2 protein chains.
Amino acid sequence: MPDSYPAPARFPVTVDVVALTILGGALHVLLITRLLEPFRGTLALPGGFVLAAEDLVAAARRELAEETGVEQVPGHLEQLGSYGPAGRDPRGDVLTVAHLLMAPNFPVLAAGSDAEHAAWYPVGNVMDGSLELAFDHRQILDDAVERAKSKLEYSPLGAAFCGEEFTIAQLRAVYEAVWGTRLDPRNFHRKATGTPGFLEDTGQMFMGDAGRPAALFRLAPAARASAGQPTRAVLNPPLMRPHG
Amino acid sequence: MPDSYPAPARFPVTVDVVALTILGGALHVLLITRLLEPFRGTLALPGGFVLAAEDLVAAARRELAEETGVEQVPGHLEQLGSYGPAGRDPRGDVLTVAHLLMAPNFPVLAAGSDAEHAAWYPVGNVMDGSLELAFDHRQILDDAVERAKSKLEYSPLGAAFCGEEFTIAQLRAVYEAVWGTRLDPRNFHRKATGTPGFLEDTGQMFMGDAGRPAALFRLAPAARASAGQPTRAVLNPPLMRPHG
DNA sequence: TTACTTATTGTCAATGTGACGATAAGTATC
DNA sequence: GATACTTATCGTCACATTGACAATAAGTAA
């Protein structure tokens, strides 16, 4: 009975953001260095308290903007899941609602001030243990990466890691970085260009450092519209990661 | 900065549960009739406040047990997502963490007391508008059903709607009820029995009202173990719902 | 025994995928 | 300019999976 007599417990609620991007062909995550206890000096996910009368995703977006100094953070932001409130913060019970941002690389505010500053770190360095994260952020990052891997399979959100326009090879690099596998360029090209409603040819070309120029694509309107949908409206059948 | 000076807002946190089951070939959801304002007399999802030092899923399980009178609620329970805290309860900002239970049919405590009593309602009656739900529970139910549909595709959790042992036809009835489509019995049989690590033949037979007796299966150990995993370790390639 | 029902096994064509050859179209080098 | 090198794009082929559907198995009811 939600309306019972003893006053219900109230919890501070935070939003944390796992912001992922591709840098140099490797998956990177946005982390801040904590300046205060607990976990002072340790890396942590950006985030902060939810204000009253604030939507969760909006709170995540606001915190991200505050901690990166970037007004309009690009990319696709969605809720990942909630953690706690018990036993995750030594100061007390705090519930956190984790979010996932899949974004093209964007520059974060230069470090050097006394504020907690954000920077991109290779996800692999967290996974292999060479980087420690505060609180239960390691677990949250794990879940976020798994979610991202899964999203690529059945949604067009791989393109969220690219800019507005991109080549097939750039899109493939996203898949390779997130999944941590190599994909056959020819088969990937076939699937990407052969899926109706996924990509739209811009008619322009992109010159890389070497090799034949590549055609530039953007997301087709149908794929753009399905961004929020949980259903795999576009990538059907899905583009499955190799299961080895 | 999560540790800044003004005391952070604190919110009451509830867990709500979308408990789904199959009854008479149709998807049903467990609902309670509210006895108190707001939404007095309206149907709502079972749920209640999270106690301090309590895990979210544990809280959901506890509330479910309290409101159904069932000690050990069967089935698979997982977190669905969080809603709020702004603008969902007229009494103030309440954050709710919704959960999804996929369970075989279990009897709920008989009605008649003055306590809020739970009962199974056809999901279709909510979808078509003949049943109204309190708060934003209609939205939560929508999300839960979509999640369940999706889960059937790439996880062995369809079996969570069945008992310990079940026939292929019973499992197929689950898929048909959740997806709201008819499936070819022969093709479903082939996929279910032909997927390594999914089902295990018990060697026993099940006599229905009519027709040839069916073999009884249970989940294979591999499928049982993958219950919590987000990855489609078992149903690979997935068993996709018809997209028409 | 016949009719009827559901379970289970096959068959076949269409589709999608993995592996990989061949060609196109740039840049750098001789 | 010719050649080497790089990446993009198009094709081919065998194989796996699926959707549609025939055929058979094994019960119950009449």
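Here the structure is a predicted model, which is why all the values come from computation and not from measurement. In what follows, chains carry the letters A, B, and so on, assigned in the order in which the sequence lines appear, proteins first and then strands, with residues in each chain numbered from 1.
- Taking the salt bridge (Lys or Arg N to Asp or Glu O under 4.0 Å) definition, one finds that B:Asp143 meets it with nothing, sequence neighbours left out.
- Between A:Lys149 and A:Glu153 no salt bridge is recorded (no basic side-chain N to carboxylate O distance below 4.0 Å).
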Practice problem: Mark up nucleotides 22-28 of chain C, 5' to 3', with B wherever a protein heavy atom is under 4.0 angstrom from a base atom, S wherever such an atom reaches only the sugar-phosphate, and - elsewhere. | Solution: --BBS--
Exercise. Check the pair B:Leu31, B:Leu45 against side chain to side chain contact (heavy atoms under 4.5 Å, CB included), reporting the backbone distance first and the verdict last.
Key: CA-CA 5 Å; B:Leu31 298 174; B:Leu45 297 173; 3.8 Å; yes
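- What separates CG of B:Leu239 from P of D:dA16 is a distance of 20 Å, to the nearest Å.
- Pairs passing the ring-ring contact (aromatic ring centres under 6.0 Å, His included) check and including a residue from residues 164-185 of chain A, sequence neighbours excluded, read A:Tyr175-A:Trp179, A:Tyr175-A:Phe188.
- With sequence neighbours left out, A:His99 forms a ring-ring contact (aromatic ring centres under 6.0 Å, His included) with no residue at all.
- Near DNA chain D, meaning a heavy atom under 4.0 Å away, the residues from residues 187-205 of chain B are B:Asn187, B:Arg190, B:Lys191.
- When rounded to the nearest whole Å, the span between CG of A:Leu235 and P of C:dT15 equals 19 Å.
- Here the P atom of nucleotide C:dT17 and the CG atom of A:Asn236 are 10 Å apart, to the nearest Å.
- Between the side chain of A:Thr167 and the main chain of A:Gln170, a donor-acceptor pair closer than 3.5 Å is present.
- When the C1' atom of C:dG16 is taken as reference, atom CE of A:Met240 falls 13 Å away, rounded to whole Å.
- If you take CZ of B:Phe206 and P of D:dT28, they are 13 Å apart, rounded to a whole angstrom.
- Distance, A:Arg182 CZ to C:dC20 P: 16 Å, rounded to whole Å.
- A donor-acceptor contact shorter than 3.5 Å links the side chain of A:Glu176 to the backbone of A:Leu183.
- One interatomic measurement links the two molecules: CG of A:Asp184 to C1' of D:dA8, which rounds to 12 Å at whole-angstrom precision.
- Taking the salt bridge (Lys or Arg N to Asp or Glu O under 4.0 Å) definition, one finds that B:Glu165 meets it with B:Arg218, sequence neighbours left out.
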